[in-house]
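Residue numbering restarts at 1 for every chain, and letters A, B, ... go by the order of the sequence lines. Note that the structure is a prediction, hence the values are computed from the model and not measured.
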There are 2 protein chains.
Amino acid sequence: MNRLAEIAKLAGVSAATVSRTLTRPELVAERTRRRVMNAVQATGFRPNELARSLKQSTSRTIGLVVTDLNPFHATLVKGVQDTAEQQGLNVILFTSDDSQAREHEALSVLRSHMPQGLILIPTTHTRQHRHLLRGLTVVELDRESGLGDAHTVQIHNRKGAAEAVRHLISLGHTRIGAIFGQPHISTARERALGYREALAEAGLNSDETLIRHGDDLEASGRTAALELLDGPAETRPTALFVSNHEMTVGTIIALRSLGLRIPADISLAGFDDSRLMLLHEPPISVVAQPTYELGVRACEVLVQALKGEQDVQEVQHLRLEAPFVPRGSTAPPWSAR
Amino acid sequence: MNRLAEIAKLAGVSAATVSRTLTRPELVAERTRRRVMNAVQATGFRPNELARSLKQSTSRTIGLVVTDLNPFHATLVKGVQDTAEQQGLNVILFTSDDSQAREHEALSVLRSHMPQGLILIPTTHTRQHRHLLRGLTVVELDRESGLGDAHTVQIHNRKGAAEAVRHLISLGHTRIGAIFGQPHISTARERALGYREALAEAGLNSDETLIRHGDDLEASGRTAALELLDGPAETRPTALFVSNHEMTVGTIIALRSLGLRIPADISLAGFDDSRLMLLHEPPISVVAQPTYELGVRACEVLVQALKGEQDVQEVQHLRLEAPFVPRGSTAPPWSAR
DNA sequence: GTGAAAGCGCTAACAC
DNA sequence: GTGTTAGCGCTTTCAC
């Protein structure tokens with residue numbers, strides 16, 4: 001006998017009535033409802049989600065695919081999770097590591113779980129996995145893949161980057177090195193645009209030899225920084241703008257290994273705030289993403305989209321502010337002299 | 001028509017044969033198998049996990065309940081995730097925030113998903129949720145709740161803590177303040193034991209006024225440190241041992257606000273390594289947990305337990321080494337003078 | 001307002 | 001080796 005039937009027997013009603021009591025209590029007479037609820041509470045019964053989802057052809061589950069699980073993503077995930085829980089949604093988590101195979105697997109597995117929707121940090125492979133997203137409500141988080149029908153929740157990347165670079169320029173820097181992520185990722189592209197925009201405004205022409213593209217991981221930040229600083233002090237950059245957290249960490253390590261003092265020998269502006277950035281001596285100036293809120297908003301957008309499913313729903317494109325926070329790591333050039 | 005039946009029609013076989021081809025291909029004739037696989041590949045078919053799990057009364061899913069989602073947990077989760085994926089297991093993630101209600105909800109929801117097993121950072125409430133774990137293979141990670149039938153994967157807390165304190169003693173410290181988590185949590189208790197053990201070995205009697213208990217969050221570390229250092233320099237501790245990462249961060253912040261230099265004015269030994277600890281100036285001496293590996297091992301223990309389900313299986317209790325890593329934050333007392 | 005019955009998509013006896 | 005059939009535990013018409 002299935003579990004629902006047990007409760008039914010206990011309460012002296014049919015299985016259908018138990019089900020109704022649990023899902024649409026207004027359809028059930030007050031007295032019956034009470035009897036059923038008593039039986040439910042006494043046994044600690046909770047309907048089998050799998051059976052329910054199978055029957056309804058959709059689950060109370062959403063997928064969350066992140067590209068990695070560093071502190072930035074952890075905060076993102078927490079924002080999504082907390083919000084999802086409030087909505088009675090469960091989260092199945094995947095990490096794509098920016099890999100084609102893993103993203104494919106994640107999306108494929110996910111489909112077989114009939115999720116209500118999906119929150120996804122897209123990768124450069126997402127477009128070719130388009131078919132795996134068919135019929136799913138998708139919210140792209142942090143980056144965007146260019147798929148027209150997905151909602152997006154991002155920050156003002158260009159603006160944030162421009163602010164940081166303007167700040168460096170206002171301090172008197174003219175040779176500002178930059179380290180971005182891979183150019184086919186939207187965040188990297190937009191942040192690079194902001195960098196160029198700020199330079200152009202100031203009448204500085206952007207020198208391509210001062211630009212590097214890493215892969216958003218610490219090691220590539222280190223390598224890129226070492227390359228940028230591999231030259232005589234007279235010609236090398238007097239400031240660096242690094243466009244994500246991990247690569248900023250890599251840059252800090254590189255600067256140490258070169259014995260360069262921040263900001264005396266070189267100014268550093270990073271991206272993504274963290275306690276590391278805050279507690280570093282000196283504290284690192286950063287473009288501070290509202291990370292937790294990004295997660296929350298992504299989930300909210302998803303929930304809203306799921307609710308209004310019937311209506312002709314507008315695709316939402318949210319952009320949150322990511323203010324530049326000047327701290328001790330940025331100072332006028334040659335301040336050591 | 002259900003999706004399996006579609007494939008069946010396409011390949012000119014019955015649904016059962018498609019199912020067999022996918023789950024136990026050795027039972028199907030070579031030729032048939034090829035025809036089925038063609039149809040499967042052509043359509044990108046993947047069986048509905050919900051239906052499969054419902055039928056089999058168990059899913060290819062495991063639950064993962066963490067107490068929070070800070071960088072330490074993120075690494076733990078990543079270890080679990082990566083390993084689970086290799087085993088074809090999906091992870092449903094929950095955060096209990098050490099709250100009774102949230103842990104209850106997490107475990108209750110989880111049950112309704114018929115997971116194969118559960119990896120759990122237990123809380124002080126876990127024992128009273130015992131009934132929600134019935135029939136589930138459980139691996140307790142990081143801490144232990146004392147439930148006899150759960151596997152556990154932890155570090156040598158006592159040993160790690162003792163090493164750290166011995167190091168401080170060997171530097172000449174005799175008044176060593178300590179900040180632990182709540183004493184009803186196993187890690188806090190064990191680390192406190194290690195602290196006392198090291199003091200006892202050295203013939204130092206442990207002074208209860210030098211001990212504080214926080215809640216493993218940053219703010220409580222800050223508060224506790226401020227309390228411990230609220231006194232004349234002559235009587236206050238010359239070194240602090242803080243038994244988790246977040247509270248160590250809080251302590252660093254407290255020391256800064258008091259204008260105390262590390263290690264000149266006070267030595268600091270923390271728990272849990274991170275880039276923050278490493279890049280801090282000076283780098284913080286810590287008991288370094290093998291965090292990622294803890295996650296991996298927890299998942300491995302779970303998988304192994306699931307495999308050997310039939311046999312009378314021994315309950316596994318793993319303890320990994322957490323070596324103390326001395327760095328610049330610990331030095332002889334009064335080294336400033 | 002409630003019950004009977006069908007069926008979500010799959011797997012596993014059991015028959016052939 | 002393969003097909004037929006029953007059923008996992010629930011929800012949802014459709015009757016009454």
Let me spell it out: for each of A:Asn48 and B:Arg35, pick the nucleotide of DNA chain D with the closest heavy atom. Which residue's pick is nearer the 5' end? B:Arg35
Are OP1 or OP2 of D:dC8 and a side-chain N or O of B:Gln56 less than 4.0 angstrom apart? no
Output for pair (A:Ser99 OG, A:Glu105 CD), nearest 0.5 Å, gives 10.0 Å
For B:Ala51 and for B:Arg20, find the nucleotide of DNA chain C with the closest heavy atom, then tell me which residue's nucleotide is more 5'. B:Ala51
Using only atom types and a distance under 3.5 Å, with no angle test, would you say the side chain of A:Gln116 pairs donor to acceptor with the backbone of A:Thr61? no
Give a yes/no answer on whether the side chain of A:Arg52 brings an N or O atom under 4.0 Å of OP1 or OP2 in D:dT11. yes
Considering all heavy atoms of both residues, which atom of A:Arg20 and which atom of A:Val28 are nearest to each other, and what is their separation? CB-CG2, 3.7 Å
Have B:His104 and B:Gln128 got a donor and an acceptor in their side chains that come within less than 3.5 Å? no
Could you tell me if B:Glu103 and B:Thr126 have a donor-acceptor pair between their side chains, going purely by distance under 3.5 Å? yes
What nucleic acid atoms does B:Ser53 come within less than 4.0 Å of, heavy atoms only: base, sugar-phosphate, or nothing? nothing
So, A:Gln154 versus A:His317: side-chain donor-acceptor pair below 3.5 Å or not? no
What is the distance from NZ of B:Lys55 to C1' of C:dG7, rounded to the nearest Å? 14 Å
Of all the choices, D:dG3, D:dC10, C:dG3, which nucleotide is nearest to the side chain of A:Phe45 once you look at every atom? D:dC10
Please tell me which of the listed nucleotides, C:dG3, D:dC8, D:dG3, lies nearest to the side chain of B:Ala16? D:dG3
So what does B:Ala29 touch, heavy atoms closer than 4.0 Å: a base, only the sugar-phosphate, or nothing? sugar-phosphate
Closest to the B:Ser14 side chain, choosing from C:dG3, D:dG3, C:dC10: D:dG3
If you find the nucleotide of DNA chain D closest to A:Leu22 and the one closest to B:Val13, which residue's nucleotide is nearer the 5' end? B:Val13
When we call it a touch if two heavy atoms are under 4.0 Å apart, what does A:Thr23 touch: a base, just sugar-phosphate, or nothing? sugar-phosphate
Protein-nucleotide distance (A:Arg24, atom CZ; C:dT2, atom C1'), rounded to Å: 14 Å
Rounded to whole angstrom units, what separation is found between the CD atom of B:Glu26 and the P atom of D:dG1? 11 Å
Can you find a side chain N or O atom of B:Thr32 that sits less than 4.0 Å from OP1 or OP2 on D:dG1? no
Tell me: CZ of B:Arg46 to P of C:dG9, nearest whole Å? 17 Å
What is the distance, rounded to the nearest whole Å, between atom CD of A:Glu49 and atom C1' of C:dG9? 17 Å
For B:Leu50 and D:dT11, what is the distance between atoms CG and C1' respectively, to the nearest whole Å? 14 Å
Please check the phosphate of D:dC10 (OP1 and OP2 only) for any side-chain N or O of A:Ser19 closer than 4.0 Å. no
What is the distance, to the nearest angstrom, from the CG atom on A:Leu27 to the C1' atom on D:dC16? 16 Å
Nucleotide D:dC10, atom P - distance to CZ of A:Arg60 in whole Å: 16 Å
